Amino acid sequence: MSVLQGLPDLGAPAGGGFAAFGREGLVVSLPDRLDLARRDGVPDLLVTLERSLDFPPSGLLELAFTTGSSTPGVPADVRESLLELSVKIGPISPPTVLAADQLHGARLAISLRPEAAHVIARLVEDATLPIVAAVRLAVRAVAPRAAFQTRFDPRDLATRLATRLGTGARLTPDALATALAALLGAEPAAAQALASRAAPLVAEPAPGATLDLVLRVPGEVAQGSVRLDLAEPAAVIAHRVLSFDPFAAARELAGGSLDRHVRLVTLPGLPTGQVPVHVSANLPEPVTDLPALVADVRLPAAPPRRPHPVSGSLALDSAGRTGTLTLTLAPGELPSGEARLRALLSTGEEVEGPWRPFDGRRIVLDRDDFPLPLRVVLASDALLALATVDVVRRSGGTAGRLAPGTPTLAVPDLPGDPVARLVLTPLGRGRVLELPVDDRQRLDLDPAVLPGFGGHRARLVALHPPVTVEWVPEAETEVRRVPLSVARPEAEIGWTADSPFRPGVRWRVAPGPWSEPVDGPVVTVDQAAPVVVDGVELVPDRRDPSVWVYVPPGPFLDAEPSLLVAGEVAFLQLTSRMDLPEATKDAFVGVLAGRAGQVRALPVEVPRVALQVKEEDAWQDVATGGSSGMPPWRTALSAMLTPSQAEAVKAALSGTAGRVRLVAELIESEVTRVQSRDLADLIK
């Protein structure tokens with residue numbers, strides 16, 4: 001069920017959205033409108049129409065639009081989508097496949113064929129012909145449920161559908177649902193639930209931005225036995241179509257005129273064969289680590305009119321990723337060749353994308369043509385009001401930051417240094433979240449999808465009842481009270497965290513001090529007296545009283561020091577650790593006589609470990625280093641020693657105290673401690 005958690009439940013509509021499966025009280029909103037994006041307050045729409053005596057008319061439509069929802073909630077995970085421009089007489093451009101991130105204001109360049117250019121010109125001149133931009137969205141969701149089970153062979157079902165409706169028939173979703181219910185014996189009430197799971201096996205989306213389906217040819221459908229139980233939850237892909245008239249929207253925003261959104265270009269006859277070629281790159285913006293992007297164009301020789309090949313390069317400006325390149329061809333020749341993208345990275349490397357064929361004077365390259373994989377990170381306004389988001393690479397460097405005004409970043413996976421994690425830092429109080437990056441090319445961030453958001457439950461455990469515990473959710477101020485007695489030393493509490501950065505609770509036994517925020521499943525509300533064993537103080541973990549914890553008492557030697565001496569040159573190597581050996585921890589469990597099931601060190605930071613030698617009554621650093629960051633917090637130290645330092649080390653290795661020591665800085669619960677041990681004592 002975990003893979004379904006958080007997906008919109010098509011069987012549980014909530015206003016204009018759907019309840020999130022497995023997340024009580026959470027609503028997933030689906031886009032229900034398209035809006036023309038704005039750049040510097042101006043509608044982001046530009047039409048370039050070119051007319052020439054030598055070439056057919058052509059054009060380029062550049063626009064950016066966004067999807068919106070009238071229902072508040074977590075945005076749905078929109079997958080690949082399809083854009084189509086049309087008028088009443090039919091489409092005026094081939095369907096354009098859009099990545100999901102291009103629905104959030106990314107600028108698109110769409111080449112217009114001669115017929116489309118005529119239509120657009122008429123629209124610009126008399127504004128009588130409405131143009132519709134329609135987008136078909138694909139959303140991963142949980143199918144509606146119904147009390148129905150069946151088993152069938154998909155090829156047999158496809159054959160029966162073809163006999164009933166015609167091979168390759170085009171159907172509405174409702175018509176296909178009715179046919180499937182009739183053939184498989186389902187009640188009409190279960191038709192939609194059945195179609196959501198069975199339709200993808202025997203039909204595919206019709207071309208264009210429409211919800212219609214086309215039956216697959218029976219011979220292309222897999223054979224076998226498929227069992228469906230509509231009462232069981234299952235993931236499906238749901239489609240919806242949104243549309244709007246971008247020109248009408250621009251007229252409304254611009255006060256009725258399209259003058260600033262239209263560029264008319266008349267090309268004179270060029271007998272020399274000088275042909276302008278317009279190049280556009282449809283990329284999610286902004287792209288980090290990309291100082292320059294270049295488009296390369298090459299055309300093979302075309303004898304006898306043009307016996308030599310032609311090539312050229314063009315820098316695509318960062319604002320619109322567009323430009324015009326002039327090629328010298330034979331008079332009247334239309335360009336036909338290959339194009340690619342070439343990227344100069346911030347590392348100084350240059351990488352090349354694949355060559356793609358093109359025909360005509362419009363070249364549109366997209367995300368698949370970029371030389372490196374692009375990861376697009378999108379953060380909702382609700383999240384950016386709470387935190388900043390840093391995109392961090394494997395090397396530890398920050399590739400970019402999302403903040404108000406920059407809710408989207410496209411980050412290339414640099415060679416040898418891909419994106420590794422996201423670091424979310426709250427703007428106020430709260431914990432820092434680190435999220436690993438998986439193979440997804442698009443990462444949507446919202447408070448509701450982060451760990452810690454939503455409902456929590458915990459068990460309060462009193463080790464010395466009776467007590468009355470006061471507790472309050474971390475982000476709230478209303479104090480709640482729970483009495484715990486000898487007969488009832490435990491109690492369940494529940495709360496809802498509306499911020500993933502402050503998900504815990506604070507507690508106290510009045511009138512004592514408030515605890516630090518805790519969010520574990522078990523909260524120990526009163527500490528037992530510490531137990532000291534061999535100088536190590538052990539206390540129960542607040543989150544689990546069966547676990548006892550201690551501050552790592554190091555530094556210790558993890559291996560015997562190695563001292564190499566050759567004349568006046570001496571070289572020392574040693575490895576330290578902060579934690580106790582596992583055998584010692586096991587012995588502590590026995591000393592606690594059943595009060596602890598496990599003994600472990602508290603999580604700490606060890607930013608610095610130093611080997612120091614005492615010279616002239618002052619301790620001097622000989623070697624320093626940071627720890628491994630994980631228990632047992634090892635640190636490897638090495639140093640070239642002066643003759644006097646070498647003598648001090650030799651004395652310490654022989655058992656003389658006060659000459660050499662290990663010093664460690666340790667941070668626990670934001671408190672910095674400095675702990676040191678004499679090397680002579682560690683050798684003993």
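Atom set for the values below is all heavy atoms of this structure, side chains included, hydrogens, waters and symmetry mates excluded. These numbers were taken from a predicted model, which means no experiment stands behind them. Nothing fancy with the numbering, it's 1 onward along the sequence.
Between Arg306 and Glu333 a salt bridge is recorded (basic side-chain N to carboxylate O distance below 4.0 Å). Comment: Asp417 does not engage Arg394 in a salt bridge, judged by the lack of any side-chain N to carboxylate O separation of less than 4.0 angstrom. With respect to the salt-bridge test (charged N to carboxylate O, under 4.0 angstrom), the residues Arg393 and Asp289 qualify. We find that Glu84 and Arg136 are not joined by a salt bridge, their nearest charged nitrogen and carboxylate oxygen being 4.0 Å or further apart. The pair Asp44-Arg38 does not count as a salt bridge, with every side-chain nitrogen at least 4.0 angstrom from each carboxylate oxygen.
Between Val376 and Arg367, some side-chain heavy-atom pair lies under the 4.5 Å cut-off. When side chains are defined from C-beta on, Thr408 does not count as touching Pro284, because their heavy atoms never get closer than 4.5 Å. Residues Val221 and Leu201 are not in side-chain contact: their nearest non-hydrogen atoms beyond the backbone lie 4.5 Å or more apart. Annotation: side chain of Leu341 is not in contact with side chain of Val294 (no heavy-atom distance under 4.5 Å). Between Leu299 and Val297 there is a side-chain heavy-atom pair separated by less than 4.5 Å. Considering only heavy atoms from C-beta on, Arg431 comes within 4.5 Å of Pro503 through its side chain. A 4.5 Å side-chain heavy-atom check between Leu215 and Leu213 finds every atom pair outside the cut-off. For the pair Pro412 and Thr288, the minimum side-chain heavy-atom distance is below 4.5 Å.
Side-chain polar atoms of Thr398 and Asp390 form no donor-acceptor pair below 3.5 angstrom.
To the nearest 0.5 Å, atoms CG (Leu383) and CG (Leu378) are separated by 11.5 Å. If you take CZ on Arg342 and CG on Asp296, they are separated by 4.0 Å, rounding to the nearest 0.5 Å. With rounding to the nearest 0.5 angstrom, the CG atom of Asn282 is 10.0 Å from the CG atom of Asp369. Note: Phe21 CZ to Leu10 CG = 11.5 Å, rounded to the nearest 0.5 Å. A distance of 8.5 Å separates CG in Leu46 from OG1 in Thr322, rounded to the nearest 0.5 Å. The CZ atom of Phe358 lies 9.0 Å from the CD atom of Glu338; values are rounded to the nearest 0.5 Å.
Heavy-atom minimum distance, Ser346 versus Pro291: N-CD, 3.5 Å. Residues Arg170 and Pro207 approach most closely at NH2-O, 4.1 Å, considering heavy atoms. In terms of heavy-atom proximity, Leu314 sits nearest to Leu325 at CD2-N, 4.1 Å. Considering all non-hydrogen atoms of both residues, Ala143 and Ser196 come closest at CB-OG, 3.5 Å. The two residues Pro173 and Leu211 come nearest to each other via the heavy atoms CG-O, 3.3 Å. When all heavy atoms of Pro307 and Ala301 are compared, the pair lying nearest together is O-CB, 3.3 Å.
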Please test Asp366 against Leu283 for side chain to side chain contact (heavy atoms under 4.5 Å, CB included), starting from the C-alpha separation and ending with a verdict. CA-CA 6 Å; Asp366 57 28; Leu283 299 179; over 6 Å; no
Side chain to side chain contact (heavy atoms under 4.5 Å, CB included) between Val236 and Arg197: does it pass, once the steps are laid out? CA-CA 7 Å; Val236 295; Arg197 307 190 197 196; 4.2 Å; yes
Test side chain to side chain contact (heavy atoms under 4.5 Å, CB included) on Phe18 and Val139 and set out the steps. CA-CA 12 Å; Phe18 295 91; Val139 179; over 6 Å; no
Does the side chain to side chain contact (heavy atoms under 4.5 Å, CB included) test come out yes or no for Leu450 and Leu433, once each step is laid out? CA-CA 9 Å; Leu450 297 177; Leu433 295 179; 4.2 Å; yes
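Of the possible polar contacts, none joining the Arg298 side chain to the Arg340 backbone as a donor-acceptor pair under 3.5 Å is found. A donor-acceptor contact shorter than 3.5 Å is absent between the side chain of Asp35 and the backbone of Gly68. In this structure, Arg321 contributes its side chain and Leu293 its backbone to no donor-acceptor pair below 3.5 Å.
When the shell of 6.0 Å around CZ of Arg305 is examined, it contains more than 12 heavy atoms from other residues, nucleotides or ligands.
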